[in-house]
Engineer: 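Have a look at this one.
It should be emphasised that the depicted structure is a prediction, and the values quoted were computed from it without experimental measurement.
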Amino acid sequence: QTRNLAPSPTYFDILSETRPITDSFREATDRKLIRIADNLVPCQVYADKDMFAIIMRNLINNAVKYAERDSTVTLESSLTEQFAEISVRDNGKGISPKNRAELFKSIDIEIQRGTDGEKGIGVGLALCAHLVKINGGEISFESEQGAGSVFRFTLPTTDK
């Protein structure tokens with residue numbers, strides 16, 4: 001169903017678009033005593049603003065879901081000449097080696113519950129990967145079981 005999505009790119013600042021998203025997680029973060037460390041730097045990207053919000057909501061939701069109680073989820077960004085890189089890091093359970101290869105494909109993924117038993121349906125990361133790609137970026141992750149994960153994605157900073 002996402003194959004026919006077409007982005008409507010505009011210039012926007014990732015910092016101002018991310019703040020309302022992180023605020024929307026206040027109840028979940030308060031319940032698990034999780035802090036969101038917002039280390040994003042102001043930078044303009046050229047992408048679909050609504051799709052960016054979906055990507056960030058999914059990545060932050062996963063980080064909060066899998067983070068340990070009384071911990072920190074860290075948001076960071078950096079800038080190159082043509083791209084902004086945004087990362088979301090947690091210290092949670094990590095991703096099993098079995099699930100790593102298919103993580104962005106949403107097939108044959110064993111759904112893992114969050115650290116407080118939160119449920120998921122296993123399609124969020126596949127959606128994120130698709131939205132990042134159609135906006136001209138790339139997505140990747142690093143994970144260590146028992147030590148957490150970091151998801152990174154890039155978005156262009158110009159319309160060229």
Engineer: Ignoring hydrogens, what is the shortest heavy-atom contact between Pro7 and Asn135? Give both atom names and the distance.
Structural biologist: CB-OD1, 3.6 Å

Engineer: Within the side chain of Asn91, is there an N or O that forms a donor-acceptor pair under 3.5 Å with the backbone of Ala147?
Structural biologist: no

Engineer: Has Ser143 got a side-chain atom pairing as donor or acceptor with Ile95's backbone, closer than 3.5 angstrom?
Structural biologist: yes

Engineer: What pair of heavy atoms forms the shortest contact from Ile139 to Cys128, and how long is it?
Structural biologist: CD1-CB, 4.2 Å

Engineer: Please evaluate residues Leu125 and Leu59 with respect to the criterion side-chain contact (heavy atoms from CB on, under 4.5 Å), reporting the C-alpha separation (whole Å), side-chain torsions for both, the decisive distance (0.1 Å), and the verdict.
Structural biologist: CA-CA 8 Å; Leu125 291 175; Leu59 295 179; 3.7 Å; yes

Engineer: Begin from the C-alpha positions of Val88 and Val73 and carry the test side-chain contact (heavy atoms from CB on, under 4.5 Å) through to its verdict.
Structural biologist: CA-CA 7 Å; Val88 179; Val73 167; 4.1 Å; yes

Engineer: Side chains of Glu76 and Val150, heavy atoms from C-beta outward: is any pair under 4.5 Å?
Structural biologist: no

Engineer: Before accepting this row, confirm whether a basic side-chain N of the pair Glu142/Arg152 lies closer than 4.0 Å to the acidic partner's carboxylate O.
Structural biologist: yes

Engineer: Please check if Phe52 and Leu15 belong to a single hydrophobic cluster, counting links between Ile, Leu, Val, Met, Phe, Trp and Tyr side chain heavy atoms closer than 4.5 Å.
Structural biologist: yes

Engineer: Can you hop from Leu79 to Met56 via hydrophobic side chains spaced under 4.5 Å?
Structural biologist: no

Engineer: Measure from the side-chain N and O atoms of Ser77 to the backbone N and O of Val41, and report whether any donor-acceptor pair falls under 3.5 Å.
Structural biologist: yes

Engineer: Restricting to non-hydrogen atoms, name the atom on Ser8 and the atom on Asp48 that form the minimum distance, rounded to 0.1 Å.
Structural biologist: N-OD2, 2.7 Å

Engineer: As an exercise, state the distance from NZ of Lys65 to CZ of Phe25, rounded to the nearest 0.5 Å.
Structural biologist: 10.0 Å

Engineer: Looking only at heavy atoms, what is the nearest atom pair of Ile21 and Glu17, with distance?
Structural biologist: CD1-O, 3.4 Å

Engineer: Taking Lys32 first and then Asp70, would you say they form a salt bridge - that is, a charged N and a carboxylate O separated by under 4.0 Å?
Structural biologist: no

Engineer: Decide whether Val64 and Leu33 are clustered together by the hydrophobic rule: side chain heavy atoms of Ile, Leu, Val, Met, Phe, Trp, Tyr closer than 4.5 Å, transitively.
Structural biologist: no

Engineer: Could you report the tightest heavy-atom contact between Leu40 and Asp38, atom names first, then the distance?
Structural biologist: N-OD1, 3.0 Å

Engineer: Are Phe83 and Phe141 linked, directly or through intermediate hydrophobic residues, by side-chain heavy-atom contacts shorter than 4.5 Å (ILVMFWY only)?
Structural biologist: no

Engineer: What's the separation between atom OG in Ser71 and atom CZ in Arg89, rounded to the nearest 0.5 Å?
Structural biologist: 13.0 Å

Engineer: Between Pro97 and Gln145, what is the shortest heavy-atom contact and its length?
Structural biologist: CD-OE1, 3.2 Å

Engineer: Could you grab the distance from atom CG of Asn58 to atom CG of Leu127, nearest 0.5 Å is fine?
Structural biologist: 6.0 Å

Engineer: Taking Thr157 for its side chain and Val45 for its backbone only, find out whether a donor-acceptor pair lies under 3.5 Å.
Structural biologist: no

Engineer: With rounding to the nearest 0.5 Å, note down the distance linking CD in Glu85 to CZ in Phe153.
Structural biologist: 9.5 Å

Engineer: List the steps, then state whether side-chain contact (heavy atoms from CB on, under 4.5 Å) holds for Tyr11 with Thr158.
Structural biologist: CA-CA 8 Å; Tyr11 285 100; Thr158 68; 4.1 Å; yes

Engineer: Distance from Arg26 atom CZ to Ile34 atom CD1, nearest 0.5 Å?
Structural biologist: 13.0 Å

Engineer: Check the pair Leu5 / Leu131 against side-chain contact (heavy atoms from CB on, under 4.5 Å), numbers first and verdict last.
Structural biologist: CA-CA 9 Å; Leu5 282 178; Leu131 295 179; 3.8 Å; yes

Engineer: Would you say Phe12 ends up clustered with Ile60 if hydrophobic residues are merged whenever their side chains have heavy atoms under 4.5 Å apart, either directly or through other cluster members?
Structural biologist: yes

Engineer: State the OG1-CD1 distance between Thr72 and Ile36, to the nearest 0.5 angstrom.
Structural biologist: 10.0 Å

